[in-house]
Amino acid sequence: MANDVCSERSLFGGAISCSFPARFQDVSNIREVPDHQEVFVDPSRDESLIIELLDLKNEVADHESATWFLRDLAIEQDASDSVVVEHSGIMEISGLQYGNVPVPAMTAVGQLAVSKGRQGIGAENIVRVYLANIRLKNVSTDVLITAYEPLIINPLSESAKTVGAGVAVPAEQSGCLPVQEVFRLAVSSFKIHDWNLFGGCAEA
């Protein structure tokens, strides 16, 4: 049984919020994070959750957007293995509505072999990636919510120093909410409190 305490977390100066476990720490308290990102990590499990605001990719079709962003992420992170999309789907976000209609989030799940930070070839970890794309077309913004779950830690990875090398310990064994559930909670609880964050455009 998971012992995680989940709470609503303030993002982007309170303009946005979503809920996830308290064990995820705000990385901006440790190092500088780009203004368009909010990054949270659980260093004891090498899990992370990232909320990112990007300019809307008009050329990408809605039904393909999550898988498109997942593949783009693999390229950006120099993943040595091509991303394998295991699942794609749609989640409704009840707290985010246009009129009376909940806004959908396109989702995709994949698997990457990626190195931490500037560690290069030979230090890759096998990571499952959960990605949701919320398309806010009225403010020309693509919101990405991405969660990373390590599956196998490379002995040469810097992560091995804190979480150990080999197959990652399942969340349930550690009394933690599985990353898949952390991701689903963060996406389903996503709310916008101040639309001025997006350049003064009004809510649709």
Side-chain angles (χ1 to χ4, degrees), residues 6 9 11-12 16-21 24 26-27 33-42 45-96 102-117 124-137 139-152 159 168 171 176-192 198:
C6 299
R9 309 285 283 272
L11 309 170
F12 299 102
I16 292 173
S17 69
C18 65
S19 298
F20 50 91
F24 284 85
D26 189 342
V27 170
V33 171
D35 289 343
H36 69 287
Q37 289 183 344
E38 293 275 12
V39 182
F40 299 87
V41 299
D42 177 358
R45 293 189 52 77
D46 200 35
E47 297 171 352
S48 58
L49 180 68
I50 300 171
I51 298 91
E52 190 170 8
L53 307 179
L54 301 172
D55 290 335
L56 187 73
K57 293 278 189 292
N58 283 305
E59 67 275 18
V60 179
D62 290 352
H63 69 283
E64 297 175 344
S65 68
T67 52
W68 187 92
F69 278 111
L70 192 55
R71 291 190 178 98
D72 187 60
L73 191 68
I75 294 167
E76 185 182 302
Q77 297 193 358
D78 294 326
S80 57
D81 283 357
S82 297
V83 58
V84 179
V85 176
E86 299 175 346
H87 172 75
S88 59
I90 297 175
M91 286 177 61
E92 278 194 354
I93 306 171
S94 58
L96 184 62
V103 172
M106 278 59 74
T107 63
V109 183
Q111 194 166 297
L112 304 178
V114 289
S115 299
K116 297 284 285 186
E124 297 94 339
N125 298 325
I126 306 300
V127 181
R128 181 167 288 134
V129 183
Y130 301 87
L131 184 145
N133 173 216
I134 305 165
R135 314 212 85 182
L136 303 177
K137 294 184 179 181
V139 289
S140 299
T141 301
D142 271 314
V143 179
L144 297 186
I145 300 176
T146 314
Y148 292 83
E149 175 186 17
L151 302 178
I152 301 174
S159 303
C176 297
L177 198 65
V179 171
Q180 182 178 10
E181 296 306 316
V182 172
F183 169 75
R184 291 187 67 83
L185 175 61
V187 175
S188 62
S189 63
F190 184 88
K191 296 187 186 80
I192 296 173
F198 306 98

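Because only heavy atoms are used, hydrogens play no part in the values below, and waters and symmetry mates are left out as well, while side chains stay in. For reference, positions follow the sequence shown, starting with 1.
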Is the shortest heavy-atom distance from the side chain of [X] to the side chain of [Y] under 4.5 Å?
{"X": "Leu96", "Y": "Leu136", "result": "yes"}
{"X": "Thr107", "Y": "Tyr130", "result": "no"}
{"X": "Arg9", "Y": "Ser17", "result": "no"}
{"X": "Cys6", "Y": "Leu177", "result": "yes"}
{"X": "Leu49", "Y": "Thr146", "result": "no"}
{"X": "Met106", "Y": "Arg135", "result": "yes"}
{"X": "Phe69", "Y": "Leu73", "result": "no"}
{"X": "Ile51", "Y": "Leu144", "result": "no"}

Would you confirm whether the ring centroid of Phe40 sits within less than 6.0 angstrom of the ring centroid of Phe24?
-> no

Could you tell me whether the side chain of [X] and the main chain of [Y] form a donor-acceptor pair under 3.5 Å?
{"X": "Thr141", "Y": "Asp55", "value": "no"}
{"X": "Glu38", "Y": "Phe12", "value": "yes"}
{"X": "Ser19", "Y": "Ser189", "value": "no"}

Under-4.0 Å salt bridge between Lys57 and Asp62 | no

Verify the distance criterion only: is there a donor paired with an acceptor across the side chains of Tyr148 and Glu47 at less than 3.5 Å?
-> no

